[in-house]
Protein chains: 2
Amino acid sequence: MAEWQKFSHLFKREEIPAKTRLLHEGEIARKVYFIEKGCCRLSFNNDGKDITFQFFFEGEGVSSAESFRYDKPSLYSIESLEASVVHSLTKADYLTIVESSPLIKQDIEEQTFRRLAYVEKLFLSRIKNSPEERYKELLQQYPRILQRVPQHYIASFLGITSVSLSRIRNRR
Amino acid sequence: MAEWQKFSHLFKREEIPAKTRLLHEGEIARKVYFIEKGCCRLSFNNDGKDITFQFFFEGEGVSSAESFRYDKPSLYSIESLEASVVHSLTKADYLTIVESSPLIKQDIEEQTFRRLAYVEKLFLSRIKNSPEERYKELLQQYPRILQRVPQHYIASFLGITSVSLSRIRNRR
DNA sequence: GGAGGACGATAACAATTGTTAATTAATCTA
DNA sequence: TAGATTAATTAACAATTGTTATCGTCCTCC
């Protein structure tokens, strides 16, 4: 949205190497990030196993929303998958922007709502489909993810082991 | 929130028999409901199988948020599990309220955000845990659900068949 | 009160995934 | 580029869940 341009001076451009955590699980999110180039994943640790549950790419905003908003420990980490360029915004600056622009306040509310709808869909997809079906869905709808993201992260995202994904891919 | 009292005349009290759909999958949600007494489930049809993915009880508001907001076909149904008493609000009245009360607008934004956080947690729980673990989690955290809701809905909610849930319950 | 349907338990078998381990392929990085 | 690390494939076996079917019980509704 154009309105955001007015506040571009509050953003900080950051160059992030691959496999770098922008936020660690358990920490409080102090910033939100907008991805100019590269991609990230959200993940958490489950009994020693690292589980990926979402990916973000160019043009998308990433944060640990609940942590950022309520200053609670984040349930998950944010990590770059590739060398990336992001623009970060601190909470103080974020609040300044929200308070000075009703348009942006409205935009954020809208984005929150859309994100809710997205997470609901992601949730329903996981309920509805088998791992194999989810893989095919991913293949159809988001082939770019499969091309860019290492397979074991995909497996984790699909809720299976990399061994099982390998089997599914090589069936038939 | 007290502010809501001012608009109580816009709500319509409805008595709903058990197993009655307040909204059918594919329809556009024209109302939101607040449960005074009873409970509901959200469900959808998957290749002929009826799948339950959420429950609502007294004091909670239910709707198909995306459908209600954007006038899109709902991805799921809302159905009473028991004979219930709900208070419904049409979209027109909803919009009237939101526009006439900044406090309520703020409250709804907050609720949307909390719901996002809740759905994210629900999603993470489903990723993290096995069906057996999810059953035990439910047993610990929401025993009231197990007491009130027939077992096959629980099974569906846990992502397994009622046969498998029966097995899990009778293990050891 | 009786009939029909819904609900839950159980059994047998099939299908899928997890686990572990060994091998090959790909990719850092010094 | 060579060596080392990480990633992906494959195989064998175990564990879990799904599927189908049967049975008994309870509830609901004429």
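In what follows, chains carry the letters A, B, and so on, assigned in the order in which the sequence lines appear, proteins first and then strands, with residues in each chain numbered from 1. This structure is a prediction, so every number in the text was calculated from the model and none was measured.
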Taking [atom1] from [X] and [atom2] from [N], how many angstroms apart are they, rounded to a whole number?
X      : N      : atom1 : atom2 : value
B:E82  : C:dA6  : CD    : P     : 19 Å
A:R169 : C:dA25 : CZ    : P     : 16 Å
B:R167 : C:dA9  : CZ    : P     : 12 Å
B:D50  : C:dC7  : CG    : P     : 11 Å
B:I154 : C:dC7  : CD1   : P     : 13 Å
A:N170 : C:dA25 : CG    : P     : 14 Å

**Asked** Closest nucleotide of DNA chain C for B:S162 versus for B:K19: which of these residues is on the 5' side?
**Response** B:K19

**Request:** Under the side-chain contact (heavy atoms from CB on, under 4.5 Å) rule, what do B:F56 and B:L42 come out as? Steps first, then yes or no, please.
**Result:** CA-CA 8 Å; B:F56 289 87; B:L42 304 188; 3.6 Å; yes

**Prompt:** Between C:dA11, C:dA12, C:dA9, which nucleotide gets closest to the side-chain atoms of B:V163?
**Reply:** C:dA11

**Criterion ring pair (Phe, Tyr, Trp, His ring centres under 6.0 Å) against B:F113, the qualifying member of A:Y70, A:F113, A:F68** = A:Y70

**Item:** Cation over ring face, A:R148 and A:F57, 6.0 Å, 45°
**Value:** no

**Prompt:** When all nucleic acid strands are considered with a 4.0 Å heavy-atom cut-off, which category describes A:S166: base, sugar-phosphate, or nothing?
**Reply:** base

**Message:** Counting the atoms with a prime plus P, OP1 and OP2 as sugar-phosphate, which does B:T161 contact under 4.0 Å by heavy atoms, base, sugar-phosphate, or nothing?
**Reply:** base

**Asked** Taking atom CD of B:Q141 as the centre, does the number of heavy atoms from other residues, nucleotides or ligands within less than 6.0 Å exceed 12?
**Response** yes

**Request:** Using the six-membered ring wherever Trp is involved, compare the ring planes of B:F44 and B:F53 and label them parallel, tilted or perpendicular (cut-offs 30° and 60°).
**Result:** tilted

**Request:** Give the ring-plane orientation class for B:F157 versus B:F55, where under 30° counts as parallel, over 60° as perpendicular and anything between as tilted.
**Result:** tilted

**Message:** Between A:E60 and A:R115, does any NZ, NE, NH1 or NH2 come within less than 4.0 Å of an OD or OE carboxylate oxygen?
**Reply:** no

**Fill in**
First and last nt of DNA chain D near chain B, cut-off under 4.0 Å to heavy atoms, 5' to 3', are D:dT17 to D:dT20

**Request:** Examine C:dA26: is either OP1 or OP2 under 4.0 Å from a nitrogen or oxygen in the side chain of A:Q151? Give yes or no.
**Result:** no

